[in-house]
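Atom set for the values below is all heavy atoms of this structure, side chains included, hydrogens, waters and symmetry mates excluded. Throughout, a chain's letter reflects where its sequence line sits, starting with A, and its residues are numbered from 1.
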2 protein chains.
Amino acid sequence: MAKRNTRELILETSLALFNDLGEQNVTTNLIADEADISPGNLYYHFRSKNDITIELFKRFIVQLEPILDVSDDSNLDAEDLWFQLHLSFELKGKYRFLYRNLTDLSQKVPALDRALKGLFNRERRAASFQLAALEKRGSLKIDRGQRELLLNNLMLALIYWIPYAEILDEQGLEDGNIQVRAIAGVLQMVIPYLASAERREFEHLVKTYLAHLN
Amino acid sequence: MAKRNTRELILETSLALFNDLGEQNVTTNLIADEADISPGNLYYHFRSKNDITIELFKRFIVQLEPILDVSDDSNLDAEDLWFQLHLSFELKGKYRFLYRNLTDLSQKVPALDRALKGLFNRERRAASFQLAALEKRGSLKIDRGQRELLLNNLMLALIYWIPYAEILDEQGLEDGNIQVRAIAGVLQMVIPYLASAERREFEHLVKTYLAHLN
DNA sequence: GTCTATATCTAGATAGAC
DNA sequence: GTCTATCTAGATATAGAC
């Protein structure tokens with residue numbers, strides 16, 4: 001039994017420490033210590049510290065991709081969209097250490113660099129599909145140039161909302177407050193381009209959720 | 001003569017290396033090597049590597065603050081606003097290493113943490129003043145809740161546009177292309193709330209600048 | 001002010017017994 | 001699979017001569 005369990009234990013411990021202290025500030029000795037195993041044991045399960053990071057990143061991707069997997073003819077209403085964004089921000093919160101050091105992460109491990117770019121592409125495409133779905137049913141109107149700029153801005157919010165909240169020492173990653181505000185930020189970018197009915201719907205949704213924050 | 005010059009040389013060399021490789025991946029030996037001085041000499045001028053980082057950060061702040069220093073009754077037109085944003089993004093590009101590792105930077109040096117929060121506060125207030133100025137002359141209309149959300153989103157763009165462009169391997173920090181696109185992104189967030197005359201003016205400005213990119 | 005040489009420390013990683 | 005002990009490399013920082 002031990003093998004699988006120890007490996008999992010190392011990964012869980014690493015994730016918690018990386019999120020708390022930043023990947024760069026966590027040593028393999030600290031991980032071993034915190035997991036109550038020996039450093040040697042850690043290296044029996046992972047060939048290097050980078051391997052731990054890569055494995056965590058893989059798990060993040062595996063969980064995020066199905067959330068992003070929106071087909072061209074998706075037809076989500078406001079509530080669905082909210083729910084989907086919530087899932088994605090929740091996951092990003094769980095693996096938030098990844099989003100704090102994107103450049104360093106990319107520089108250090110070439111495999112991560114490619115994976116990250118692929119991920120961002122898919123996320124952008126997912127957002128684009130959602131806009132397209134809204135356009136198709138006449139809920140949204142935006143010209144092509146502005147659409148690209150909007151997508152850039154959406155990506156900024158999707159990627160950086162959580163690290164931004166962290167810097168400001170905002171509490172609420174555990175209870176979901178941060179996530180709610182992140183989603184509100186994302187939706188707020190789209191709201192101005194919505195037709196009046198949908199606009200009211202989205203505005204109402206945002207207001208309602210924000211009102212329930214502590 | 002030597003004292004002042006060597007100190008400057010160290011700072012310039014450090015800045016270039018930090019921007020290229022990331023602060024964490026630059027050793028004091030590398031700085032000394034690149035600057036053609038000895039490691040010992042470097043430590044004659046700076047007591048620690050952190051001191052170099054702090055000094056660079058101070059210089060960044062000293063240059064950024066006058067740009068952000070917008071009084072309550074400012075009355076910038078679209079071109080002025082563009083110019084102001086350009087100055088700020090240009091400076092942020094010069095010191096872009098700071099924006100890649102905000103969390104780590106804050107964690108490592110408490111003094112930087114306070115300074116950073118202060119800076120963000122001032123930047124947010126500056127943005128708020130600009131919105132207020134537009135509102136005062138009837139160019140902009142937005143309700144209070146949405147205003148806060150918009151300010152959050154503006155902050156995201158102001159802080160993270162450059163690191164975002166870096167991850168995507170976008171070229172053009174030197175020739176100003178990145179800056180232009182960052183500004184376009186920022187203005188695009190405001191455009192939907194503008195009255196029609198100003199809206200056309202801003203849209204025209206954005207289109208014109210973007211059209212001149214390589 | 002600047003150099004060379006080196007001290008100190010700590011991180012990642014390995015060896016080999018159990 | 002797990003441990004203890006240890007190697008090695010490299011980074012920050014200092015000492016002391018010039």
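The side chain of Ile37(B) sits closest to dC3(C) out of dG12(C), dT4(C), dC3(C). Set against dT4(C), dT2(D), dG12(C), the side chain of Ser38(B) has dT4(C) as its closest nucleotide. Side chain of Lys49(A), nearest nucleotide from dT2(C), dG12(C), dT12(D): dG12(C). Distance from the side chain of Tyr43(B) is smallest for dT12(D) among the nucleotides dG12(C), dT2(C), dT12(D). Listed candidates were dA13(D), dA13(C), dT4(D). Nearest to the side chain of Ser48(A) is dA13(C).
To the nearest 0.5 Å, atoms CE (Met189(B)) and CD (Gln188(A)) are separated by 11.0 Å.
Between Leu56(A) and Ser14(A) the shortest heavy-atom distance is CD1-CB, 4.3 Å.
Heavy atoms from other residues, nucleotides or ligands lying under 6.0 Å from NZ of Lys108(B) number more than 12.
Between Asn41(A) and dC3(D) there is a side-chain N or O to OP1 or OP2 distance below 4.0 Å.
Residue-level contact check: Thr27(B) touches the backbone only, with heavy atoms under 4.0 Å from sugar-phosphate atoms and none from bases.
In summary, the side chains of Ser106(B) and Arg114(B) do not present any donor paired with an acceptor at a separation below 3.5 Å, with no hydrogens or angles considered.
Nucleotide dA11(D) holds its P atom 9 Å from the CG atom of Leu30(B), rounded to whole Å.
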